[in-house]
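What follows is one structure encoded as C-alpha cells, with my remarks underneath.
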2 protein chains.
Amino acid sequence: MQKYDSEPRLQHFIDTCRQHQLKITPQRVAIYRALMDSDQHPTADMMYQTVREEFPSISFDTVNRALLTFAGIGMVDVVEVFGGPKRFDPDIDDHHHLHCTACGRIIDFDHEGYSHLEVPAEIARQFKVISKRVVLKGLCATCAPER
Amino acid sequence: MQKYDSEPRLQHFIDTCRQHQLKITPQRVAIYRALMDSDQHPTADMMYQTVREEFPSISFDTVNRALLTFAGIGMVDVVEVFGGPKRFDPDIDDHHHLHCTACGRIIDFDHEGYSHLEVPAEIARQFKVISKRVVLKGLCATCAPER
DNA sequence: CTCTTAAATAAGAGTCATTCTTATTTGTCA
DNA sequence: TGACAAATAAGAATGACTCTTATTTAAGAG
C-alpha cells in the first residue's frame, strides 16, 4: 500500500508532536501519512479528499487545522500561491520552486547556484533569515504550448 | 489637489489602453489616477473606498476588474500577500520578499544582486520563466527578540 | 485500570475576497 | 448619428478559509 518505508519519518513526526505537547490522534497520523505519500504539493482540500477515503467522517476543518499546526512546529512547509489556495509541502529541506501560472502546479527543483545566495548585509541586520528560496513563475511544459 | 504633475503618466496610461483596444472610461481614469496618487500598495477594497469619494455610484467589481485589467496589460503590478488580499502596485519593477513566519508579514525589498539571477539551462528548456523572485523566510525585527 | 481534564474533533455557521450573472449604459467607429 | 461591442452597477454566488459550540478523546495522575 505504501510506496516505501515511511515509518522512520512517521516516528520522527510522532516524536516531534510529543515534544510540542501535541496529542497523537489517528486523524493527525492519517493526515501526515497522506502528506508524505503525496508527490505534489497538495492543497488543504486535496488532502481532505484523500484522507476522507480512510476517515469518512473527518471534517475539512480538522485537516486544515492539522496542516497549519504541523507547519507551526516546522514539520511541513506552507507554500504561498498567488491567486490560489495554500499548498503544503512535506519536504522542509531547502529547495526552489517553479510555479506554473496556468495550471497552478508547483514543481520543486534544486540548483547548486541558488543554494549559496548571499543575504544582503542590511537585510541580515534587521531580519533573521531561516530559509532562502527562489521562485520562478512561468509556464510548465504542459501549459506552454497552449498559448 | 494632486501631489505632482501626473499628466504625462496619465497620458501614457491612455495611450496604452488605446493600444490594447480598451475603452477610456471616466471610472478607469479615476482608478488609475487614484492608484498613482497612493503611496502604499493598496488593496482593491482600499482603492474602492478612495474612488467612491469621487464616484459614489461605482461598484467594487468595477474597481477590482479595472485593476486586474491594468495588470493584464502591464500597467500595474499585482503583489501577492500571504494570507491577505492582493495588493496593487503602480511600480512594476521586480522585487523580492522577506516573509516573517511568526507574524506573517511580507516585506518588499530590492537587491541588485538578485536582479540578475540566471535560470539554469535544464530548467529553461522545460519551463518558460516569466518572473524570478527570491523569498527569504525568517523572523522580522519585531518578532525576532521574542524567541 | 479508571479518572480527570485540557486538547482535539465534527458539524455547521460566518467571514472575506473575490468572481460571476444579468440588465443597463456608454465609448468608439462606421 | 446610429450601431454595437465593451464596460458598468448591483447583487448573487463561490472558494477558501476561520470561528463557534457541543461532543469526544488522548494521556498523565492516582
Side-chain angles (χ1 to χ4, degrees), chain A residues 13-32 34 41-73 75-76 78-88 101 103-104 106, chain B residues 13-32 34 41-73 75-76 78-88 104 106:
Chain A
F13 162 74
I14 289 171
D15 293 344
T16 308
C17 283
R18 287 242 161 76
Q19 280 166 30
H20 289 85
Q21 287 84 46
L22 295 181
K23 290 182 181 173
I24 317 298
T25 65
Q27 289 93 333
R28 281 179 174 164
V29 172
I31 293 164
Y32 189 75
H41 297 74
T43 62
D45 191 64
M46 288 160 76
M47 289 295 299
Y48 172 55
Q49 299 305 336
T50 303
V51 178
R52 280 183 98 171
E53 292 171 18
E54 181 184 346
F55 249 96
S57 72
I58 204 167
S59 71
F60 170 82
D61 191 60
T62 296
V63 175
N64 191 52
R65 206 161 12 71
L67 290 167
L68 294 174
T69 302
F70 299 165
I73 60 171
M75 294 299 299
V76 309
V78 185
V79 182
E80 63 186 299
V81 177
F82 181 52
K86 287 172 190 163
R87 285 169 178 269
F88 295 89
T101 54
C103 66
I106 297 200
Chain B
F13 161 75
I14 290 172
D15 294 345
T16 307
C17 283
R18 287 242 159 75
Q19 279 166 31
H20 289 84
Q21 286 83 46
L22 295 181
K23 290 181 179 172
I24 317 298
T25 64
Q27 289 93 332
R28 282 179 173 162
V29 172
I31 292 164
Y32 189 76
H41 296 177
T43 63
D45 192 64
M46 287 160 78
M47 289 296 299
Y48 172 53
Q49 299 306 335
T50 302
V51 177
R52 279 183 100 169
E53 291 170 19
E54 181 183 347
F55 249 97
S57 71
I58 204 167
S59 72
F60 172 82
D61 190 60
T62 297
V63 176
N64 192 51
R65 205 162 14 70
L67 291 167
L68 294 174
T69 301
F70 299 165
I73 61 171
M75 294 298 298
V76 308
V78 186
V79 182
E80 62 187 298
V81 176
F82 189 51
K86 288 173 188 162
R87 285 167 178 272
F88 296 89
I106 299 212

Atom [atom1] of [X] to atom [atom2] of [N]: distance rounded to whole Å?
{"X": "A:N64", "N": "C:dA8", "atom1": "CG", "atom2": "P", "value": "15 Å"}
{"X": "A:L67", "N": "C:dT9", "atom1": "CG", "atom2": "C1'", "value": "15 Å"}
{"X": "A:F60", "N": "D:dA16", "atom1": "CZ", "atom2": "P", "value": "8 Å"}
{"X": "A:Y48", "N": "D:dT18", "atom1": "OH", "atom2": "P", "value": "17 Å"}
{"X": "B:R52", "N": "D:dA9", "atom1": "CZ", "atom2": "C1'", "value": "12 Å"}
{"X": "B:F55", "N": "D:dA10", "atom1": "CZ", "atom2": "P", "value": "12 Å"}

_Any side-chain heavy-atom pair of A:F70 and A:R28 under 4.5 Å_ =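 Side-chain contact under 4.5 Å: yes.
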*Looking at side-chain heavy atoms only, is the closest gap between B:F13 and B:I73 below 4.5 Å?*
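SC-SC contact between B:F13 and B:I73 ruled out.
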_Among A:V63, A:L67, A:D61, the one residue meeting side chain to side chain contact (heavy atoms under 4.5 Å, CB included) with A:R65_ =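 Considering A:V63, A:L67, A:D61, a side chain to side chain contact (heavy atoms under 4.5 Å, CB included) with A:R65 is found only for A:D61.
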*On DNA chain C, check which nucleotide each of B:F88 and A:T62 is closest to and give me the residue with the more 5' one.*
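Closer to the 5' end of DNA chain C: A:T62.
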Do the side-chain N or O atoms of [X] get closer than 4.0 angstrom to the phosphate oxygens (OP1, OP2) of [N]?
{"X": "A:K86", "N": "D:dG15", "result": "no"}
{"X": "B:R65", "N": "D:dT8", "result": "yes"}
{"X": "A:S59", "N": "C:dA10", "result": "yes"}
{"X": "B:R28", "N": "D:dA7", "result": "yes"}

Please write out the pairs of protein N or O atoms and N or O atoms of nucleotides 19-26 of chain D separated by less than 3.5 Å, giving the distance to one decimal.
unit_1	atom_1	unit_2	atom_2	d
D:dC19	N4	A:D61	OD1	2.8
D:dC19	N4	A:D61	OD2	3.2
D:dA26	N3	A:K23	NZ	3.3

*Answer with base, sugar-phosphate or nothing: what part of the nucleic acid does B:S57 contact at a heavy-atom distance below 4.0 Å?*
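The answer is sugar-phosphate, as B:S57 gets under 4.0 Å only of primed atoms, P, OP1 or OP2.
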*What distance separates A:F60 CZ from A:Q49 CD, expressed to the nearest 0.5 Å?*
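Output value for this atom pair is 9.5 Å.
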*Once you round to the nearest 0.5 Å, how far does NZ of A:K86 lie from CG of A:L68?*
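CG of A:L68 is found 5.5 Å from NZ of A:K86.
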*Tell me, with the steps shown, if A:I31 and A:I58 meet side chain to side chain contact (heavy atoms under 4.5 Å, CB included).*
CA-CA 10 Å; A:I31 293 164; A:I58 204 167; 4.2 Å; yes
*Considering all heavy atoms of both residues, which atom of B:F88 and which atom of B:T43 are nearest to each other, and what is their separation?*
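In this case the closest contact between B:F88 and B:T43 is CD1-C, 4.3 Å.
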